[in-house]
Asker: 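Sharing a structure here in C-alpha cells format.
If you're wondering where the values come from, they're calculated on a predicted model, not measured in any experiment. Each chain gets a letter, A, B and so on, in the order its sequence line appears, and its residues count up from 1.
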Number of protein chains: 4
Amino acid sequence: MPKISASAQHARRERILDHAERCFARAGFHRTTMQDICKAAEISPGAIYTYFDSKEALIAGLIERDRAKLQGQFAGLAQAPDFMAALAGLAEHYTVEEPDYKRALFIEMGAESTRNPQVAETMRSCDSFVRDSFIALLTRLAAEDRIRPSAEIEVVVGLMLLMGDGLLWRRAVDPGFDARTMLPALMAVIAPLVNPVPQLPHAPARQATAPAPAAAPRIAGESV
Amino acid sequence: MPKISASAQHARRERILDHAERCFARAGFHRTTMQDICKAAEISPGAIYTYFDSKEALIAGLIERDRAKLQGQFAGLAQAPDFMAALAGLAEHYTVEEPDYKRALFIEMGAESTRNPQVAETMRSCDSFVRDSFIALLTRLAAEDRIRPSAEIEVVVGLMLLMGDGLLWRRAVDPGFDARTMLPALMAVIAPLVNPVPQLPHAPARQATAPAPAAAPRIAGESV
Amino acid sequence: MPKISASAQHARRERILDHAERCFARAGFHRTTMQDICKAAEISPGAIYTYFDSKEALIAGLIERDRAKLQGQFAGLAQAPDFMAALAGLAEHYTVEEPDYKRALFIEMGAESTRNPQVAETMRSCDSFVRDSFIALLTRLAAEDRIRPSAEIEVVVGLMLLMGDGLLWRRAVDPGFDARTMLPALMAVIAPLVNPVPQLPHAPARQATAPAPAAAPRIAGESV
Amino acid sequence: MPKISASAQHARRERILDHAERCFARAGFHRTTMQDICKAAEISPGAIYTYFDSKEALIAGLIERDRAKLQGQFAGLAQAPDFMAALAGLAEHYTVEEPDYKRALFIEMGAESTRNPQVAETMRSCDSFVRDSFIALLTRLAAEDRIRPSAEIEVVVGLMLLMGDGLLWRRAVDPGFDARTMLPALMAVIAPLVNPVPQLPHAPARQATAPAPAAAPRIAGESV
DNA sequence: CATGAATGAGCGTTCATTCAT
DNA sequence: GATGAATGAACGCTCATTCAT
C-alpha cells in the first residue's frame, strides 16, 4: 500500500524526464547538474534518485522514452496510403513542429554515444528499429508494386536515414537553415530512389505502358 | 624579452591543440580536464593559460584551426578538372581517411555550438565559407556549361551540405555504417542534382542531341 | 487501542535488534544505514522509529540487551562449583562459540563509547556490573577459603578484566590468533592470581601442609 | 623546479596527519569529514588531495606513520640492559604519556580493520613487526641466559601482546582505569612468564644454584 | 615566461528522518 | 500503528583557474 498511486508515480517520472530533457538540451549533459533538474521539476535531490538510479540512468531513460514514442509514429507510417506524403509529414514533424530543444538533445545524444556505451547501445537499438521498419515497409510496398526502388532497399533506406540525420543536424546546428525550401528539395531527391508508382484510383493498375521504371536508373550498390 | 622564439611559441601552441583534439574527441569537452591536456601535451597548467585564456578559448582555437585547414582543401576542389571526382575524393577523405576521433570531435563541436555562442559563431563562419565556396564554384561551372544544376545553386549546395553532414554523422555514430557501399550511392544521388556535362576533350560538345537538362526535372524550392 | 499485542511488539523489537546487530557488525555503525536494517528486519523505515527514536537509540538498545544477557551468564558463574573451570568456560564461550560478528560489534561499541556519552554510559554500567559481580564472587570465595588471591581482589579482578578484553580484542582483530593455544596459557596466568584451593570432596581440607599462598608472591599495587 | 621545497611539502603532510589524527580520534573515521580535517589543518579541500588520494589513504597514512614510529621505539627496547624495566617503560609510555586521543584512535583503527582490508593489512603488518621483534629479542635473551621463559617464547609473546592490547583498550575505554595500580600488577604477572635471571654485576653469572627456574612452572601450550 | 601547489565553488550522491496516506 | 516516498543538509571529491616562486 504505497503512499502514492502508480499513476501519480508515473506522472512524476514523466515530469522529471520532461524537465531533464529541456535542461539537457539547453546546457548539455555535463553542464546540467542534478540540482538544475530538481529545481526545474520542483523535486528534491533525494527524490529524483527514487526514480532514476543515477544521472546516467536519467539520460538512458530519456532516450528510451524517445524510442517508445518513435515506435508509435512508425506504426502510423506503415498504414499510410501515400508513402511519400507520410514521409514528408514525418520530416516536417521533426524539422518544424518539434521544438528546437529536441533536436539539440538529439545531437547531444549522438555525441554522448561516441563514448558512453550504454547510451550508444540504446541509440543503436533505436536506430535499428527505424531502419528495420523502413526496410520491412519498403519491401512490402515493392512486393505490392506500389514502389519500384531504384537500388537495393537496404541502400535506399541507408540513404534516407543519412539524409534524415543530415536534416536534423543542419536544422539543429545551422540557424540559417530554411526548412521550407529544403524539405521539398529533399523529398525530390528521395522520390526517384523510392520511385512510387502512381496509384490510379478505381482503375486497373499496371497498364502495359507504365513508363516510370525505365526512367529510374539503378544507382550503385555492391550488387546490382 | 621573450625567452622563447615566436616559432617555438607557435609550435607549442600547435602541440597543445593537437593533444587537446585527441583528448576532447576521446572523452568529450566536459569530461576532459585541463590537466589531461597538460599531461598529454607535456606542459604545465600554468603555461597552457599563456596560450589560451580558458578551456573555452582552447575549444574555439581548435575549430579555428580546422577552418584554416578546410580552406586549403577547398582551394584544391575549385581547380579540379572533374568536379564530381573531386567531391567523391573529399567525401572519401572525411569518411575513410580521417581518424574516428576527428568525426567524434565534429559531433562534439556541433553539440557545443547549440549552446556556446562563441563556438556557434566559429562553426557558422566555417560552414559559411564552405557553402560560399561551393556556390561560387558551382556558379562558375554552370556559367562554363560544365554543369547544369537541376535546381537553384543555393538549394543544390544546401542539399550537398546536408548530405555531407549526414554522412559524417552516421559515420561517427553508427558503427555498422558501410562507407564502401554508401559513398557511391550518395554520389549517384548528388550527380543528377549537379548534373555534370560530359567533357569531350578537344572536341566540340555535342549539341545536336537534346541536352541533359530536359531529363533533369527541376526540383522544388519556393522559387523556381 | 493498539493494533498489535504487547508480545508481538516485543518480538518485533527483538527482531530489529537481531538484524541491527548483524548489520552493524558487518559494516560498522556508520556504514550501516537505517534502510539496511529495515530491509534485513523486513520493516518499514517509518515503523522502525516507533521502536527506536533514532539510530543512536538503536545502538544503545543493542548494548542494553547485551548487558541483560551478560547478567544471566554471571548468575551461573557464581553458582559454579569450580571457579576456574567456569571462568575457562566463559572465556571459551566468548572466544570460540560466539560468532565473529559479536566480537566485531564489541570493538565497534568500545570505539563508539569514546565519543558517544550515551554509549559510554551503557558500556560503563555493563562493565561495572561484571566487575562488581567478580569482586563479590571472589570476596565470597576467599571468605570461604576456596581461593587465596595473591593480591587485593580489586586488582585481581582488574587484571582479569584487562586480560578478558585483550583476549576479545585479539580474537577480533588478529586473524592469526590461536585460541586453542592461548586460552590455556591465559588460564595458567590467571590461576596463581586467584590461587584456588584444591577442594577435597567430603574430606577435611588439608591444613597441615604449608598452603599455596606462601609460594604466591603478593603482587604490586599501591597498597598491599 | 617545484614551487614548494621537499621539506616544506613533508611538513605540510605531517601537519595534515597531525590534525587528521586528532579529528579521527575525537569523532571516529566516519563522523570526521574531510572538511573537518581541512579546517583543522588550515588547508583547502583541494590541497589535501595533493597529499592523500582519498580519505582511506589518509587513514592508511596515519597507521603507516605510527608503524614507523613504533619501529624506532623497538630498536631502543632491544638495546636496553634491563628488559623488564624497558617493557615497563614502554607500557608507561603508551598508557600514561601518550595523550588519550592516540588510544582512542587505536581502538578506532582496530574496529576499522575488521572490515577495511587495507587497514587490516597495515595493522596486521604493524602487529607482526611487534610480535617478531619481541620473539627475536626474547630468543636472544634466552640464548644469553638472561631470561628463562616459562613457556614457549611464541606463547609468552602472544600473552604479552594480549595483555598490552587489553591495557590499551581499558585505558581507552574505562574512565575509572587506574594505571598507577594496574601497571605494576601487570608487570608482576608478566615477570614470571619471562622470568628474568638476576644479573650479578661483576660476578660470574650462572651459578650452579640458580634457583628461579625451578619455581617457574611451565604453563600450557600445545607442546611442552 | 614556466611551474605546479593551492584554491574553493560546486559536483553527483547518500541517508537519517518525517509525515501524508 | 504501518507505510514508503519525500526531504535536504551534508558527504567525499573534482577541476578550471591562479599566483608565489
Asker: Calculate the interatomic distance between D:K39 atom NZ and E:dT7 atom P; express it in whole Å.
Answerer: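 One finds 14 Å between P of E:dT7 and NZ of D:K39, rounded.
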Asker: Just how far, in rounded Å, is C1' of E:dC15 from NE2 of D:H30?
Answerer: 15 Å
Asker: Given E:dA5, F:dA10, F:dA6, identify the nucleotide with an atom nearest to the side chain of A:Q35.
Answerer: F:dA10
Asker: How many whole angstroms separate atom CZ of D:F52 from atom P of F:dT14?
Answerer: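 After rounding, the reported distance stands at 16 Å.
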Asker: Grab the CG-C1' distance between C:D36 and E:dA16 for me, whole Å please.
Answerer: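 It works out to 12 Å between those atoms.
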Asker: Choose from F:dG4, F:dT7, E:dT13 the nucleotide whose nearest atom is closest to any side-chain atom of A:R12.
Answerer: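 Minimum distance to the A:R12 side chain belongs to F:dT7.
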Asker: Is A:E64 salt-bridged to A:K69, cutoff N-O under 4.0 Å?
Answerer: no
Asker: With side chains defined as the heavy atoms from C-beta onward, is the minimum distance between D:D36 and D:F24 less than 4.5 Å?
Answerer: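 Not touching, per the 4.5 Å side-chain cut-off.
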Asker: Mapping B:F29 and C:T50 to their closest nucleotides on DNA chain F, which lands nearer the 5' end?
Answerer: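 Of the two residues, C:T50 wins.
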Asker: Counting side-chain heavy atoms from CB outward, which of E:dC15, E:dG12, F:dT7 is closest to A:S44?
Answerer: F:dT7
Asker: Return the nucleotide paired to F:dT14: Watson-Crick means purine N1 to pyrimidine N3 with N6-O4 or O6-N4, wobble means G-U with N1-O2 and O6-N3, both under 3.5 Å.
Answerer: E:dA9
Asker: May I ask which nucleotide in the shown strands pairs with F:dT21, Watson-Crick or G-U wobble, both distances under 3.5 Å?
Answerer: E:dA2
Asker: Please identify which of these residues, B:R15, B:R26, B:R65, meets the salt bridge (charged side-chain N to carboxylate O under 4.0 Å, His left out) condition with B:E21.
Answerer: B:R65
Asker: Which whole-number value in Å describes the distance from A:M34 CE to F:dC13 P?
Answerer: 20 Å
Asker: Does a nitrogen or oxygen in the side chain of A:Y49 sit under 4.0 Å from OP1 or OP2 of E:dC15?
Answerer: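 A:Y49 to E:dC15 OP1/OP2: no side-chain N or O under 4.0 Å.
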Asker: B:P45 or A:R31: which one's nearest nucleotide on DNA chain E is closer to the 5' end?
Answerer: B:P45
Asker: Do the side chains of B:E42 and B:K39 get close enough for a salt bridge, i.e. N-O under 4.0 angstrom?
Answerer: no
Asker: Measure from the side chain of C:Q9, starting at C-beta and using heavy atoms only, and say which of F:dG1, E:dA6, F:dG4 lies closest.
Answerer: F:dG1
Asker: Should the pair D:H30 and C:H30 be assigned to parallel (<30°), tilted (30 to 60°) or perpendicular (>60°) ring geometry?
Answerer: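 Tilted, since the angle between the ring planes falls between 30° and 60°.
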Asker: Can you tell me how far P of F:dA2 sits from CZ of C:R15, to the nearest Å?
Answerer: 14 Å
Asker: Report the residue (C:D53 or B:I48) whose heavy-atom-nearest nucleotide on DNA chain E is the more 5′ of the two.
Answerer: B:I48
Asker: Give the rounded distance in Å between these two atoms: NZ of B:K55 and C1' of F:dC15.
Answerer: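 Distance, rounded to whole Å: 8 Å.
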Asker: Please determine, for the side chain of D:A47, which listed nucleotide (F:dG8, E:dT17, E:dT7) has the closest atom?
Answerer: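 The nucleotide sitting nearest to the side chain is E:dT7.
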Asker: If you only use heavy atoms from C-beta on, which nucleotide in E:dT13, F:dA5, E:dT7 is closest to the side chain of D:I43?
Answerer: E:dT7
Asker: For C:E42 and F:dT3, give me the distance from atom CD to atom P, rounded to whole Å.
Answerer: 11 Å
